[in-house]
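One structure is given below, encoded as structure tokens.
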Amino acid sequence: MNILAQIRGRFAQALGQLVDDPSELLDMVRSSQDAKFGDYQANCAMPLGKRLSRPPREIAEEIVQHLKIDDLCEPPQIAGPGFINLRLRSDWIVERLEAAGVDERLGVELTADPKTYVIDYSAPNVAKPMHVGHIRSTVIGDSLYRTLRFLGHRVIGDNHIGDWGTQFGMIIYGYRNFCDVDAYEASPVAELARLYRLVNTLVDYQASHDGLAAIEQQITEKSKLLETQQAAPPTGDKKADKKSAKAVRKRQGQVNDLRTELKATKEKIATIDADPVLSKQLSEHPAIRKACLAETVRLHDGDADNLRLWEEFLPPCREDIERIYRRLGITFDYTLGESFYHDRLAAVVDDLREKKIAVESDGAMCVFFEGDDVPMIVQKQDGAFLYSTTDLATLQYRVDTWGADAILYVVDHRQALHFEHLFSAARRWGYDQVELKHVVFGTVLGGDGRPYKTRSGDTVGLEGLLDEAIRKAHEVVSAGDDAKPDGPELDEEARSRISEVVGIAALKYADLSQNRSSDYTFSYEKMLALSGNTATYMQYAYARVRNIFARGQIDAAALRSDTAAIIVDHPAERAMALALLQFSEALEQTLVDYRPNLLTDYLFALANQFSTFYQQCHVLKAETEELRTSRLKLADLTARVIKQGLALLGIEVVEKM
RNA sequence: GCCCCCGUAGCUCAACUGGAUAGAGCACCGGUCUUCUAAACCGGAUGUUGCAGGUUCGAGCCCUGCCGGGGGUACCA
């Protein structure tokens, strides 16, 4: 039951008598922002008045006259310049809510237009340990997956892991040169991770070392430019002078950044130079950078030994990320990484060339775009393919094999240009019927306001974060249990189990509740917060409902089949009932632009409403038996909607906390 | 140079894509547990929505120009 859709239907009929196509005007029918304006409002009389050159209030009157809605609403009120305010009839609310109460889906209808969605999310590099930067894509993608599926779409979750890149060249090189055989036998994952870190450190050292001269040269060049800019005499033109002053500041900033970088690089080099073991390894492997690249190339060329090693390494690497997914409660239908597509890439480029979509430029195969000087390169000068190529092959596979109607890419904002290119190229290639959507999310920023980067040392590993979240939840759960009026009721096993659920939920919720497009400042405090607008708040509301049922020894199944009426005389009861009925709208709104924070907003408002209701309307000690039953039904529905809503966010509930 | 994103309360963020008096959480102040879990509730203070114009019945949202921050930008992913 979607109330808004019902009301819009009525308006469509009424407006149809005033204009030919009311569809645009129907968007202006919405739920009220403020309860004093009623429950819903229509704002379409104003623009219509403009269009018909008549006073908007007069138009509003006319709309109301045509409107057949008295079975749902009390008589509409016209206010201000021509707002039409609607207040739902309480008996209608009750009727709809009772229908939702006997519905497994809580009144949320399946979509009338089921589509096949492919969601591309998480996609970590399996050779590296997962870190905090992977959370966003993973939890946002998972939530969209669950929500679309709940509404009846066919949804395919595809984890496009990085399993074919240079990092495997590094591991192969590390295995051949530095492997501790006993350690590898004991725990392949741990040893491979160590090898990756080691080789990465060495390669990074060489890159830093080789890059020093370049940085210094840049400093010299930019300093010179800066001097010239500073020496330039004022032109007398205020605007021009202001502009050049700005340029000087910018240049100064560049020079400062470079100096900082130089200093950091030198320190990094010095640290490793001071380490006798690493220094020795470096002197023994002077060409490690090139050697790693060579291993990667051999792997891609089908070298039997490297392929065998890759096949040996991949399962433990995947098992390692699987462990994290299990803890997070995340699953995928497919995990088709880069390697899955490597033997399709040549054909992709051939096809693009034949269709004149890709052309040669500077020895590389490129797709050019109108109004954009930067092409998308699909094959390098040396013949190697790039991730653009893989993404095209992947898109092709998803449409051809799965019949995707839509592909959602839950990926960092910094790849916006890449996706613009990819989508544009795909459409030219003939994939113009599929909805391609870059579900952008903001960059994870470090405490310094700059993009969060993984560097050895300051990396916040994902596992450590999970442990910390659970540890902190345990403190809060224990304190809460100890403070219960009748004394603690949870044993240690229960506390641990609850802490796990609460901790993981806090972590996910911190991400999901934020508008995905804004940048995200990484903060332990925020991610692990357990009061205020958090998952904990909703889990607590849920547990309180369950506690009412436990205290009163209420059989929920029997209650649901009880035909006694729901009563919404108290304002808190009515508000509760209305909020429950708006679940469907919240889900629809969430999917308009794939924004889970609209669902968290709804659930927070719902749980908030319940807290007020809980305070003001005693359930078990209600004045009459009828009222008691009615309130039990409201409480039961609240618990079910919270549980279902959180489930769509990938968050679980507990019966006690 | 060119392109994209962002700027909202002390802090972290919303604002249903142009609607009525811009809202939450945190932090702060006051009140509420012999009554279903106080992880809560009730009340209080907090704003020139970066600045200046424009569009219109109406602008945080759209347009133009500034200021400030971030990102991207030919063979990394």
Side-chain angles (χ1 to χ4, degrees), chain A residues 4 27-28 30-34 36-37 41 43 46-47 49-50 55-56 79-83 85 123 125 162 165-167 239 242 246 338 361-366 371-382 384 386-388 390-391 412-418 420 440 442-443 445 449-451 476-477 479-481 483-486 489 502 513-515 517-519 521 523 525-526 529-534 536-537 539-541 543-545 547-552 585-586 589-590 592-593 595 597-598 601-602 604-605 608 611-612 614-616 618-621 635 656-657:
Chain A
L4 187 56
D27 290 341
M28 296 175 195
R30 54 189 51 184
S31 62
S32 295
Q33 208 154 14
D34 195 317
K36 70 171 173 254
F37 300 130
Q41 61 178 212
N43 305 333
M46 285 82 81
K50 183 80 183 168
F83 293 103
N85 292 335
N125 207 316
T166 46
Q167 67 281 15
K239 210 170 164 184
K242 224 174 152 186
K246 190 187 164 186
E338 293 168 334
S361 171
D362 280 351
M365 290 306 294
C366 301
D372 193 346
D373 342 317
V374 183
M376 179 172 83
I377 298 176
V378 293
Q379 186 170 24
K380 302 202 294 183
Q381 279 177 335
D382 64 9
L386 297 104
Y387 86 128
S388 300
T390 309
D391 275 359
D412 189 317
H413 159 249
R414 281 174 290 185
Q415 294 193 35
L417 182 62
H418 165 68
E420 222 175 276
V440 179
T443 313
L445 303 175
R450 302 189 78 100
V476 175
V477 168
D481 191 40
K484 277 176 188 162
D486 302 333
E489 52 178 8
V502 170
S513 59
Q514 178 158 346
N515 182 333
S517 62
S518 36
D519 282 348
T521 304
S523 144
E525 290 70 36
K526 191 181 172 181
L530 298 168
S531 62
N533 182 2
T534 62
T536 314
Y537 182 86
Q539 290 169 322
Y540 183 64
R544 290 211 286 195
V545 176
N547 193 53
I548 293 172
F549 280 69
R551 284 270 167 150
E585 281 168 45
Q589 204 57 49
T590 297
V592 167
D593 197 32
R595 298 196 326 197
N597 72 304
L598 296 179
D601 283 356
Y602 166 77
F604 180 61
N608 208 355
S611 288
T612 302
Y614 183 85
Q615 196 77 19
Q616 297 183 3
H618 208 288
V619 178
L620 293 176
K621 292 187 181 165
K656 285 184 179 180
M657 63 191 284

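Just the heavy atoms: all of them, side chains too, but no hydrogens, waters or symmetry mates, feed the values below. Naming convention: chains lettered A, B, ... in sequence-line order (proteins, then strands); numbering from 1 in each chain. Just so it is clear, the structure is predicted and the values come from calculations on it, not from any experiment.
- Both key distances under 3.5 Å define a Watson-Crick or G-U pair, and stretches of 3 or more such consecutive pairs in RNA chain B run B:1-7 with B:67-73, B:10-13 with B:23-26, B:28-32 with B:40-44, B:50-54 with B:62-66.
- Comparing A9(B) with A14(B), their P atoms sit 13 Å apart, to the nearest whole Å.
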Give me the distances for all protein-to-nucleotides 7-12 of chain B N/O pairs that come in under 3.5 Å?
unit_1: U12(B); atom_1: O2'; unit_2: K526(A); atom_2: NZ; d: 2.8

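- Each of C36(B), A14(B), A38(B) was ranked by its minimum atom distance to the side chain of N515(A); first place goes to A14(B).
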Could you write out each protein N or O paired with an N or O of nucleotides 28-30 of chain B at a distance under 3.5 Å?
none

If the sugar-phosphate is the primed atoms plus P, OP1 and OP2 and the base is the rest, what is the B/S/- string for nucleotides 19-24 of chain B, using protein heavy atoms under 4.0 Å? BBB--S

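- Using a 4.0 Å heavy-atom distance criterion, M657(A) is classed as a base contact.
- Considering only side-chain atoms of S518(A), the nucleotide from A39(B), A38(B), C13(B) that sits closest is C13(B).
- In this structure, A416(A) reaches neither bases nor backbone, as no heavy-atom distance under 4.0 Å exists between it and the strands shown.
- Contact of Y540(A) with A39(B) (side chain to base): no donor-acceptor pair of N or O atoms is detected under 3.5 Å.
- Remark: D372(A) pairs with no residue by the salt bridge (charged side-chain N to carboxylate O under 4.0 Å, His left out) rule, at least two apart or across chains.
- Using a 90° window around 0 for the glycosidic torsion, U34(B) falls outside it and is classed as anti.
- Remark: D486(A) engages R551(A) in a salt bridge (charged side-chain N to carboxylate O under 4.0 Å, His left out) (not counting sequence neighbours).
- Using a 4.0 Å heavy-atom distance criterion, S611(A) is classed as a sugar-phosphate-only contact.
- The side chain of R595(A) places an N or O atom within less than 4.0 Å of a non-bridging phosphate oxygen (OP1 or OP2) of A15(B).
- Distance noted for atom C1' between A40(B) and A22(B): 27 Å (whole Å).
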